[in-house]
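Just so we're clear, the structure is a prediction, and the values are computed from it rather than from any experiment.
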Number of protein chains: 2
Amino acid sequence: MSALPGGAAEAVPLRAVDVASTRDRLLAAARSVVEEHGYGGASVAAISVAAGVANGTLYRHFGSKAELFVEVFRDVCGREVDAMRAAVEQVGQDGRPDPVERVLAPLDVFARRALQNRTLAWALLAEPVDALVDEVRLEYRRTYRDLLVGLLADAVDAGALPPQDAGLTAAALVGAVGEALVGPVSPRAEPASGTDDSLLSGLRDVCRRATGAPPRGPDRLPQGDGDRR
Amino acid sequence: MSALPGGAAEAVPLRAVDVASTRDRLLAAARSVVEEHGYGGASVAAISVAAGVANGTLYRHFGSKAELFVEVFRDVCGREVDAMRAAVEQVGQDGRPDPVERVLAPLDVFARRALQNRTLAWALLAEPVDALVDEVRLEYRRTYRDLLVGLLADAVDAGALPPQDAGLTAAALVGAVGEALVGPVSPRAEPASGTDDSLLSGLRDVCRRATGAPPRGPDRLPQGDGDRR
DNA sequence: CCACCATGTGAACCGCGATTCACCATGAGC
DNA sequence: GCTCATGGTGAATCGCGGTTCACATGGTGG
């Protein structure tokens with residue numbers, strides 16, 4: 001960035017860029033910085049640079065850094081929820097709306113997307129953030145949970161799952177997936193546990209069991225069939 | 001300096017034993033501050049006040065704040081592990097070493113202790129901490145996991161659980177318990193879900209299911225003990 | 001009795017990163 | 001053309017909290 005005094009027009013063509021879009025550029029820049037360096041690396045300076053604006057410009061559009069990130073997190077979390085909801089719909093599509101599958105599908109999508117964008121997932125799940133932003137996180141965790149609670153209740157009503165405290169199971173599921181992901185997702189994860197695919201399928205197994213669903217196919221304990229370790 | 005509520009921090013014996021080195025007082029003070037205000041509230045100033053020493057004294061005994069907390073976390077986490085191990089031993093004690101119970105017992109203790117000291121649990125589980133301290137946390141998470149992995153493998157070998165990826169199940173269990181606790185444990189939790197006892201028993205159910213253990217009672221488990229809190 | 005070391009003191013220092021502010025462009029309306 | 005209003009700039013400011021340092025103090029050995 002050349003620091004010519006008074007040369008405001010040179011960094012980015014001003015007219016080409018809609019005035020309203022600086023705000024959007026900041027939002028996009030913030031998201032992109034978080035995706036790359038996590039919330040910890042998302043200083044005001046870094047965001048400004050990424051957006052191609054000056055430090056202070058941020059404050060023309062947002063009351064504070066935290067406010068900016070509240071919007072970013074809302075946006076990103078919203079996408080996650082949408083994707084999870086879409087996955088649930090998808091299940092009914094192929095003609096056989098297995099109620100257990102409707103519980104597992106969004107979890108699978110959640111995990112899959114997290115693995116695809118680990119730094120972002122880390123920021124969304126566990127990274128230290130502003131108190132204000134943290135509330136958004138909590139808010140969305142609740143949303144995830146509520147989504148699952150509904151699906152679990154449906155499955156129980158349909159007789160596909162044993163009666164249970166759906167709220168607790170939902171929380172446990174979110175936690176199980178979250179924890180199993182936090183390892184691989186956090187900085188410098190060892191690939192000790194194997195590929196992402198094996199992680200995903202293993203996770204699906206644990207989740208299925210946690211809901212109390214009978215093992216695939218026969219409703220009997222798989223006794224003595226091959227063991228893997 | 002008057003930032004701390006005077007009464008609370010005084011729990012630490014101030015001048016009982018001079019010889020009981022200042023170092024120990026600092027460690028105790030640090031732990032006590034974390035227990036009360038979390039790591040976030042554990043500034044050097046707060047700790048010094050709680051220990052009844054000056055700001056700089058801390059640096060006569062520890063290279064940095066982080067080093068102090070490495071020791072504190074090691075200590076606290078060690079207690080947790082000890083308690084969990086003891087719980088496992090306890091199971092064998094009454095003559096009936098149910099392998100599934102040996103998996104659930106430490107989880108139960110973990111949850112129970114967390115609920116008893118929520119702020120501390122929060123700090124241990126999820127609160128943002130120094131990188132150095134974070135490594136200790138990771139180290140102990142792994143310890144928890146390894147403990148469970150061993151017990152799970154035993155149970156599988158004994159035929160009490162279906163074959164499974166023990167490492168993944170262990171991570172999921174820790175995560176499930178953690179998440180289910182983080183809600184109640186984090187600032188301003190609503191008691192919406194009921195009492196701690198119901199939480200604990202529900203948690204036990206989910207965990208049992210997640211391991212793939214057959215539902216309570218029906219099968220061949222030695223006795224029909226009606227309830228066990 | 002004095003030098004000395006260990007330990008304690010707390011005000012000053014410092015780096016970091018969010019926030020502010022005095023000052024410019026530019027476009028719209030008069 | 002002149003004047004606001006809007007949006008942009010980036011160096012200065014500020015608050016926070018960890019760390020340092022010049023200065024006690026008190027017990028010990030020479």
Does the side chain of V72(B) come within less than 4.5 Å of L27(B)'s, by heavy atoms? yes

Hey, are the side chains of Y144(A) and M84(A) touching, using non-hydrogen atoms and a 4.5 Å cut-off?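 Of all side-chain heavy-atom pairs linking M84(A) with Y144(A), at least one is under 4.5 Å.
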
Can you measure [X] atom [atom1] to [N] atom [atom2] for me and round it to whole angstrom units?
| X | N | atom1 | atom2 | value |
| --- | --- | --- | --- | --- |
| L68(B) | dG17(D) | CG | C1' | 15 Å |
| D130(B) | dC16(C) | CG | C1' | 14 Å |
| N55(A) | dC14(D) | CG | P | 17 Å |
| I47(B) | dT9(C) | CD1 | P | 15 Å |
| R23(A) | dT6(D) | CZ | P | 16 Å |

Reported [atom1]-to-[atom2] distance for the pair [X] and [Y], which is rounded to 0.5 angstrom:
| X | Y | atom1 | atom2 | value |
| --- | --- | --- | --- | --- |
| L148(B) | C207(B) | CG | SG | 9.0 Å |
| S32(A) | I47(A) | OG | CD1 | 9.5 Å |
| L152(B) | L168(B) | CG | CG | 10.5 Å |

Within the 4.0 Å heavy-atom criterion, would you say V44(B) contacts the bases, only the backbone, or no part of the nucleic acid? base

It should be established whether S43(B) places a side-chain nitrogen or oxygen under 4.0 Å from OP1 or OP2 of nucleotide dC16(D). no

Determine whether the aromatic ring centres of Y39(B) and F69(B) lie less than 6.0 Å apart. yes

Divergence of helical axes at both termini of the helix from dC1(C)-dG30(D) to dC30(C)-dG1(D) - five pairs an end, 10° steps: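 The end-segment axes of the helix from dC1(C)-dG30(D) to dC30(C)-dG1(D) are tilted 30° relative to each other.
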
Pair D108(B) + R112(B): basic N to acidic O under 4.0 Å: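 Salt bridge between D108(B) and R112(B), a charged N being under 4.0 Å from a carboxylate O: yes.
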
CA sep, side-chain torsions, deciding dist, call: T169(A), R209(B), side chain to side chain donor-acceptor pair (under 3.5 Å): CA-CA 10 Å; T169(A) 302; R209(B) 288 200 304 264; 3.1 Å; yes

Listed in order of residue number, which residues of residues 56-65 of chain B have a non-hydrogen atom at under 4.0 Å from DNA chain D?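 Of all residues in residues 56-65 of chain B, the ones placing a heavy atom under 4.0 Å from DNA chain D are G56(B), Y59(B), R60(B), S64(B), K65(B).
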
